[in-house]
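Below is one structure, written out as structure tokens, with a few remarks after it.
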Amino acid sequence: MTARRCVALLVAALLVGCSSTERSDATPTTSASGSSLRGELTVSAAASLTDVFAAIGEAFAEQHPAVTVRFNFGSSGQLAQQIAEGAPADVVAFADTTAMQVLDDAGLLAAPAEVFATNELVVVTPPGNPAQIATLADLADASTVALCVETAPCGRFSDQLLTAAGVEVEESSVTRGRDVRSTLAAVTRGDADAAIVYVSDAAAVGSRVEVVEVPEAVGIVASYPVAGLADSDVGGVATAFVRYVLSDEAQTLLRDAGFGPP
Amino acid sequence: MNGGRVVRSGGAGTLVSVMAVAALAVVALPLVGLLRRVDWAGLPGALTTPEALSALRLSLVCSLAATAISVALGLPLAWVLARRRFPGRALVRGVVLLPLVLPPVVGGVALLSAFSRSGLVGRYLYDWFGVQLTFTTAGAVLAGAFVSLPFFVITAEAGLRGLDRRFEDAAATLGAGPAEVFGRVTLPLVAPSLAAGAVLAWARALGEFGATITFAGNIEGRTRTLPLAVYLLLDSDPEVAVGLSLVLLVVSLAVIVALRDRWSGELRSQR
């Protein structure tokens, strides 16, 4: 009895000793930002942020090893609506201040949103530009143009762009993607003649599309706000992530991905 | 009824009943929820908006065309599967029935790899004939035919297998040629199965979403069938989306009712 109890105590002591050693070994001492943050962070972000936020998330997790960052990418309008109806999220980053306003009006934000990047529209075509799209007006003659749905910011901006340029593309030639990445896919798969997406999306797929610069696009700028949500369980981590997105490190990543300054 | 069997009250009997009610609730509650969601007063208005009318018209055209293709191509295939023995018959049947189980969006990806402008066959269609199937109504029909063909084939094959060959043999003995035997003896006898198969195929083609949106895109008036319209309008115009959902629900109900003898008739014959 006594011997067994001794062994049990010994094993317990070893386990405790080992685990605390592991913990201190695993925590890197390189970062000065403090690894005391822990938990699972859910970030709901606009589809156009897919690649760059994955990189930002990775960099953030490196500095805070006890934090797991999960992303939920989609159309800003749809995400805002889902969150307003109770979908769980800790941080939101949208391609449009209108979508963020929905959450602000519902009192769901922990603090006022801040704009962390901007984006502009661009026309993309499959490599080789088979339909010879050179100007916005050419889109009216194309057999299939891919645009985002009107409930997504890129859809609203695209419609705005076409209206401002006086170009009318027949709805019967437009395939509407539910977010900018599915709109882009209509061209990268090769069968849509052109799509209107963000500069950052064109940069993300590189040579899989050809970019057609349209001067009229200069006037339309998408502002990307980011904010933490009020009823988050990991409020401290959320605030840290928002700060990180606004930091120089993340801003460099955003610039490299084709986003403009806030 | 079944004479001589003791029915246990309480215990296992009650548990089974409770679980049966739970199973029914899983299906019935969402349907009841949908019916309650409908704004009945605004329904006629919602269903006559340009988006709704376009989707209704397109769905009708695409589903009927897909069914016609499924029947025209499916009947010879069902015949071969039912009547001819050849090596690999089970494999052929397996391949034909695959779209029954394949996730529809996967079907769409598969269709793209075969029929897009850079696809296996699509590239020749485009380079030689200038024909593009993606983002077209024909593409939506193709997606519908892809998912509905197995429904027709499986039903038609079962019908052909269940046929008493003696009628055909008798007709042949009396001097009828193969075409006449088929037209005047076989076809009338399997007609109920063929009709049921066509209805099932039509219902499946009508409800197709994943393959259509992936292969044919989401274009108003060209490929935005009812399910795609519901998906799109859910965010921007929920009243129309719910109204169109009701239309599909009613059509589905009509199909179930039309084929009710199939579901229960087979069971009846087993007693």
Side-chain angles (χ1 to χ4, degrees), chain A residues 47 74-85 87 96 98-99 102 125-131 142-156 159 169-195 208-209, chain B residues 49-51 53-55 57-58 105 108-120 122-123 125-127 130-140 142-143 209-210 212-225 227-238 240-241:
Chain A
S75 142
S76 305
Q78 203 170 39
L79 289 173
Q81 210 166 13
Q82 287 168 352
I83 291 171
E85 283 170 17
D96 189 18
T98 316
V102 169
T125 69
N129 197 348
S143 68
T144 310
V145 175
L147 301 176
C148 298
V149 289
E150 294 98 337
T151 48
C154 55
R156 273 201 306 281
D159 289 342
V169 182
E170 295 226 9
E171 203 57 38
S172 58
S173 308
V174 176
T175 179
R176 294 270 176 186
R178 64 180 161 80
D179 58 41
V180 77
R181 284 304 168 95
S182 73
T183 304
L184 180 65
V187 163
T188 53
R189 278 198 303 258
D191 285 15
D193 294 319
R208 284 164 63 196
V209 293
Chain B
T49 56
E51 298 92 354
L53 291 174
S54 164
R57 180 193 61 81
L58 199 58
V105 69
V109 173
L111 282 166
L112 276 177
S113 50
F115 296 110
S116 74
R117 286 217 297 241
S118 50
L120 199 62
R123 72 180 71 156
L125 282 174
Y126 189 68
D127 292 337
V131 166
Q132 180 181 331
L133 289 172
T134 48
F135 299 122
T136 61
T137 311
L142 178 61
F209 174 81
T212 310
I213 201 170
T214 309
F215 182 68
N218 189 2
I219 307 176
E220 169 144 51
R222 238 206 253 172
T223 69
R224 194 174 296 163
T225 53
L228 272 67
V230 170
Y231 181 62
L232 188 76
L233 295 170
L234 216 44
D235 291 330
S236 56
D237 201 341
V240 178

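Within every chain, numbering begins at 1; the chains are lettered A, B, ... in the order of the sequence lines, protein sequences first and strands thereafter. Quantities reported herein were computed from a predicted structural model and do not represent experimental measurements.
Chain A forms the most heavy-atom pairs under 4.5 Å with one residue out of B:Leu234, B:Leu228, B:Asp235, B:Ile213, and that residue is B:Asp235. Options A:Ser172, A:Ser182, A:Gly177 differ in how many heavy-atom pairs under 4.5 Å they form with chain B, and the most are formed by A:Ser172.
Contact annotation: the side chain of B:Leu58 approaches that of B:Thr137 to within less than 4.5 Å [non-hydrogen atoms, C-beta and beyond]. Inter-residue side-chain proximity for B:Ser54 and B:Pro50 is flagged as unmet; no heavy-atom pair is nearer than 4.5 Å.
For A:Gln81, the part lying under 4.5 angstrom from a heavy atom of chain B is the side chain only. For a residue to count as touching a neighbouring chain, one of its non-hydrogen atoms must lie under 4.5 Å from one of that chain's; by this rule A:Arg176 touches chain B with backbone and side chain alike. Contact of A:Ser173 with chain B is made through backbone and side chain together, with heavy-atom distances under 4.5 Å. For a residue to count as touching a neighbouring chain, one of its non-hydrogen atoms must lie under 4.5 Å from one of that chain's; by this rule A:Val174 touches chain B with the backbone only. Of the atoms belonging to B:Tyr126, not a single heavy atom falls under 4.5 Å from chain A. With a 4.5 angstrom heavy-atom cutoff, B:Leu112 touches chain A only via side-chain atoms. When heavy atoms are compared at a cutoff of 4.5 Å, B:Gln132 approaches chain A solely by way of its side chain, counted from C-beta outward.
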Could you go step by step and tell me if A:Val149 and B:Leu232 meet the side chain to side chain contact (heavy atoms under 4.5 Å, CB included) rule?
CA-CA 8 Å; A:Val149 289; B:Leu232 188 76; 3.1 Å; yes
CA sep, side-chain torsions, deciding dist, call: B:Thr223, B:Thr136, side chain to side chain contact (heavy atoms under 4.5 Å, CB included):
CA-CA 6 Å; B:Thr223 69; B:Thr136 61; 5.6 Å; no
When you look at A:Thr151 and A:Arg156, which way does the side chain to side chain contact (heavy atoms under 4.5 Å, CB included) test go after all the steps?
CA-CA 7 Å; A:Thr151 48; A:Arg156 273 201 306 281; 5.7 Å; no
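The structure places CG of B:Leu142 at 5.5 Å from CZ of B:Phe115, a figure rounded to the nearest 0.5 Å. Residue B:Leu125 holds its CG atom at 6.0 Å from CG of B:Leu133, rounded to the nearest 0.5 Å.
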